[in-house]
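Atoms within each ligand, like the ligands themselves, are counted from 1 in listed order.
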Amino acid sequence: IDLGSGDGRIVIEAARKFGARGLGIELDRALVEKSRASARSAGVADRVSFVEGDVLVSDISRASVVTVYLLPALIRKLQPRFIEELEPGTRIVSHAFALTSWKPDRVETVRISRPHPGQGDESTLFLWLVPADVRGLWTGSAAGGEWRLRIHQNYQDIEIEGNAAGKPLAAAKASLSGREIAWEADGMRFRGRAEPGGRIAGELQTAKRAVPLVLIRAR
Ligand SMILES: C[S@@+](CC[C@H](N)C(=O)[O-])C[C@H]1O[C@@H](n2cnc3c(N)ncnc32)[C@H](O)[C@@H]1O
């Protein structure tokens with residue numbers, strides 16, 4: 001979904017080049033009509049659609065990729081909805097303006113071969129992956145004992161501490177990418193997935209063997 005889709009170029013190009021299905025939401029009716037005409041000319045009208053509407057009140061929950069080239073004031077209003085309404089793992093790509101206090105997963109600056117008057121000759125693109133909500137207390141059992149872990153979370157940045165089979169655990173290299181979660185601690189390595197409904201399931205690699213580890217959100 002392109003939020004504020006202008007003349008439709010992002011959605012049309014994604015369909016033309018990558019076979020994507022797409023939706024553009026745009027306030028300006030003339031631009032919506034122009035986008036529909038361009039989609040027909042590009043031969044992608046069966047894969048894309050454009051609606052006249054306000055992105056602030058539109059349903060964005062079905063997107064797997066959200067693109068924005070909007071002013072910071074509007075992005076600030078959308079940001080809480082990105083976290084609350086988009087599925088973990090959804091990609092958000094912003095042109096020129098970053099989200100607030102949410103570190104991008106990737107930043108790329110590209111040279112513009114034909115800048116518009118008044119525009120610089122570089123363009124910056126930001127990528128974020130919506131992180132699963134893993135904040136809180138998790139319990140489970142593995143490696144011969146009970147586990148009780150607390151996860152601290154700021155978007156995709158996580159810290160993990162707690163108790164694993166009777167020993168204190170302070171995880172290093174903890175990472176969260178969409179639903180994929182991983183950490184290392186005391187010679188063990190965990191790789192798993194934060195599933196809907198408060199369950200983290202994966203594999204714990206110890207010095208000797210790999211065992212399943214399932215953590216359930218403690219209520
Ligand atoms: C800078 S253009 C980007 C166009 C397109 N996404 C692109 O990258 O080529 C921003 C567009 O957002 C539209 N827009 C601004 N506020 C909007 C809102 N609240 N809802 C829908 N569209 C909006 C504007 O009309 C304009 O066409």
Side-chain angles (χ1 to χ4, degrees), residues 1-133 154-156 176-179:
I1 301 185
D2 189 24
L3 300 179
S5 48
D7 63 8
R9 65 182 65 193
I10 301 275
V11 172
I12 292 168
E13 199 62 3
R16 214 176 54 78
K17 261 198 179 155
F18 305 107
R21 284 181 304 121
L23 170 69
I25 303 170
E26 169 57 52
L27 271 184
D28 183 332
R29 175 176 299 181
L31 286 174
V32 172
E33 279 161 11
K34 184 173 185 210
S35 303
R36 288 176 182 152
S38 303
R40 282 193 294 274
S41 317
V44 297
D46 57 334
R47 290 205 293 283
V48 304
S49 50
F50 293 93
V51 293
E52 182 188 344
D54 183 347
V55 297
L56 291 175
V57 294
S58 301
D59 179 10
I60 57 169
S61 63
R62 285 178 27 235
S64 53
V65 179
V66 167
T67 52
V68 281
Y69 180 18
L70 294 169
L71 291 173
L74 204 54
I75 293 180
R76 268 198 294 281
K77 291 188 185 152
L78 286 166
Q79 184 167 336
R81 294 187 53 212
F82 289 161
I83 283 289
E84 279 159 29
E85 296 172 31
L86 298 174
E87 268 297 300
T90 303
R91 287 161 284 170
I92 302 163
V93 180
S94 176
H95 177 209
F97 303 108
L99 300 174
T100 309
S101 323
W102 182 359
K103 196 176 66 194
D105 291 287
R106 197 167 142 196
V107 181
E108 238 173 71
T109 300
V110 293
R111 282 198 84 73
I112 303 171
S113 50
R114 282 176 293 144
H116 289 281
Q119 188 185 30
D121 57 1
E122 283 188 342
S123 233
T124 303
L125 293 161
F126 302 89
L127 167 73
W128 296 264
L129 260 72
V130 175
D133 176 11
N154 181 38
Y155 297 102
Q156 73 273 49
L176 178 69
S177 176
R179 293 191 179 280

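- Proximity of Asp7 to Ser38: side-chain heavy atoms (C-beta onward) are nowhere separated by under 4.5 Å.
- Scanning the protein for heavy atoms near atom 1 (C) of ligand 1, the closest one is Tyr69 O, 3.3 Å.
- Ion pair Glu85/Arg81 flagged as a salt bridge, since at least one NZ, NE, NH1 or NH2 atom sits closer than 4.0 Å to an Asp/Glu carboxylate oxygen.
- At a heavy-atom cutoff of 4.0 Å, ligand 1 is contacted by no atom of Leu3, backbone or side chain.
- Residue-level proximity to ligand 1 for Leu74 is carried by the side chain, the only part with a heavy atom below 4.0 angstrom.
- With ligand atoms numbered from 1 in the order given, ligand 1 contributes 4 (C), 27 (O) to contacts under 4.0 Å with heavy atoms of Gly6.
- Counting the atoms of ligand 1 from 1 in the order shown, those under 4.0 Å from a heavy atom of Asp2 are 5 (C), 6 (N).
- At a threshold of 4.5 Å between non-hydrogen side-chain atoms, the residues Arg179 and Glu87 count as touching.
- For atom 20 (N) of ligand 1, the nearest protein heavy atom (residue, atom name, distance) is Val55 N, 2.9 Å.
- Closest heavy-atom approach to atom 23 (C) of ligand 1 among the candidates Leu27, Asp54, Leu31, Ile10: Leu27.
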* To do: Applying side-chain contact (heavy atoms from CB on, under 4.5 Å), run through Thr100 and Arg76 and close with a yes or a no.
  => CA-CA 7 Å; Thr100 309; Arg76 268 198 294 281; 3.6 Å; yes

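- Between Phe50 and Ile12 there is a side-chain heavy-atom pair separated by less than 4.5 Å.
- Protein heavy atom at the shortest distance from atom 24 (C) of ligand 1 is Glu26 OE2, 3.5 Å.
- Proximity to Arg9 (heavy-atom distance under 4.0 Å) selects the following atoms of ligand 1: 9 (O).
- Taking atom 4 (C) of ligand 1 as the reference point, the nearest protein heavy-atom neighbour is Gly4 O, 3.3 Å.
- Using bins of under 30°, 30° to 60° and over 60° for the plane-to-plane angle, the ring pair Tyr155/Trp102 lands in the parallel bin.
- Using a 4.5 Å cut-off on side-chain heavy atoms (C-beta onward), Thr124 and Phe126 make contact.
- Look at Glu13 and Arg16 and you find a salt bridge, because one of the NZ, NE, NH1 or NH2 atoms lies within 4.0 Å of a carboxylate O, short of that distance.
- For the pair Gly53 and ligand 1, a heavy-atom separation below 4.0 Å is found.
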